[in-house]
Amino acid sequence: MKKNILEAGFLREFTRTCSNMYRLGWDERNGGNISYMLDEKEVGEYLDLSASGRIIDAGFEAPTLVGKLFLITGTGRYFKNVELDPETNTGIVRILDGGKAEILWGYAGGGRPTSEFAAHLMSHAERLAKDPAHRVIMHCHATNTVAMTYVHSLDEREFTRTLWRMATECMVVFPDGIGVLPWMVCGTNEIGRVTADKMREFRLVVWANHGIFGAGTSLDEAFGLIETVEKAAQVYISVLGTPIINTISDKQLKELADAFHLVPKAGWLDL
Ligand code: 2HA
Ligand code: ZN
């Protein structure tokens, strides 16, 4: 007898995260998407994993992810509605070889995973290669982060340095910095590939004039990364145009990193 998946801890945490992000204003309409790599044994308590499901075309191959299970928001679905009806607005897929995926649960009524499936899966493959504990890729339209891409240089060293200064937390949360991509058409394998390439080096990738991607070993970690960037970007937008008379120096940023035993991205502090 299988347990009720609507009561599964991983599903509850996922749907609550979508609600939080919606209320923060980061996921208007169908904006944003999350994918969460699940533990097969845990999912097996809720679903019969030997039953075969609807096969979909993923549009690309992710050889190192074959056999892995992901809980992913659905394309065209609204974060606002995920917690109310997870079975329609999200789904669980198993990655198959040959660029296919099998729907094991969800996407009721004929849905499928997010339009940013490529960016998610390619990024999972890169993060997993770096860190076996990696689990989550999260994308949203965090307002101040997007605003900042209109008025700040998109040079990733400069972008990161500005954020490091805008809130003391930043150096502690993302000493490894932020990757920044110029505006591109979203929902394509091309943007997926360049995002994943950045994910080799960074856990955070900003898409100029669009949004941000965060990677983490848990939903909380990916969310916390994005939340910290967004807070600092909010401070930046709040003081924009006003002469800065107090800031955090590179020497102080180094002291901060040392105090927390962290190594800032090499060469990104002027010491
Ligand atoms: O899911 O956010 O980037 C809708 C989007 C596309
Ligand atoms: Zn988006």
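FYI, side chains are in, hydrogens and waters are out, and symmetry mates aren't considered; it's all heavy atoms of this structure. Every number for a ligand or one of its atoms is a count from 1 in the order of the listing.
- Restricting H141 to its N, O or S atoms, the one at the least distance from the Zn ion (ligand 2) is NE2.
- Heavy atoms of other residues, nucleotides or ligands lying less than 6.0 angstrom from CD of E102 number more than 12.
- Between H210 and ligand 1, at least one pair of N/O atoms sits closer than 3.5 Å.
- A salt bridge is absent between E61 and K100: the closest approach of a Lys/Arg side-chain nitrogen to an acidic carboxylate oxygen does not fall below 4.0 angstrom.
- Ligand-side atoms of ligand 1 in range of N30: 1 (O), 4 (C), range being under 4.0 angstrom from any heavy atom.
- The Zn ion (ligand 2) has no N, O or S atom of C140 closer than 2.8 Å.
- Residue side and main chain included, C186 places no N/O/S atom under 2.8 Å of the Zn ion (ligand 2).
- The nearest pair of heavy atoms linking H124 to R135 is CE1-O, 3.2 Å.
- Annotation: F10 is in aromatic contact with Y46 [ring centroid separation under 6.0 Å].
- Short contacts between ligand 1 and E116, defined as distances under 4.0 Å to a heavy atom of the residue, involve ligand atoms 3 (O), 6 (C).
- F159 has its ring centre no less than 6.0 Å from the ring centre of W268.
- Short contacts between ligand 1 and H139, defined as distances under 4.0 Å to a heavy atom of the residue, involve ligand atoms 2 (O), 3 (O).
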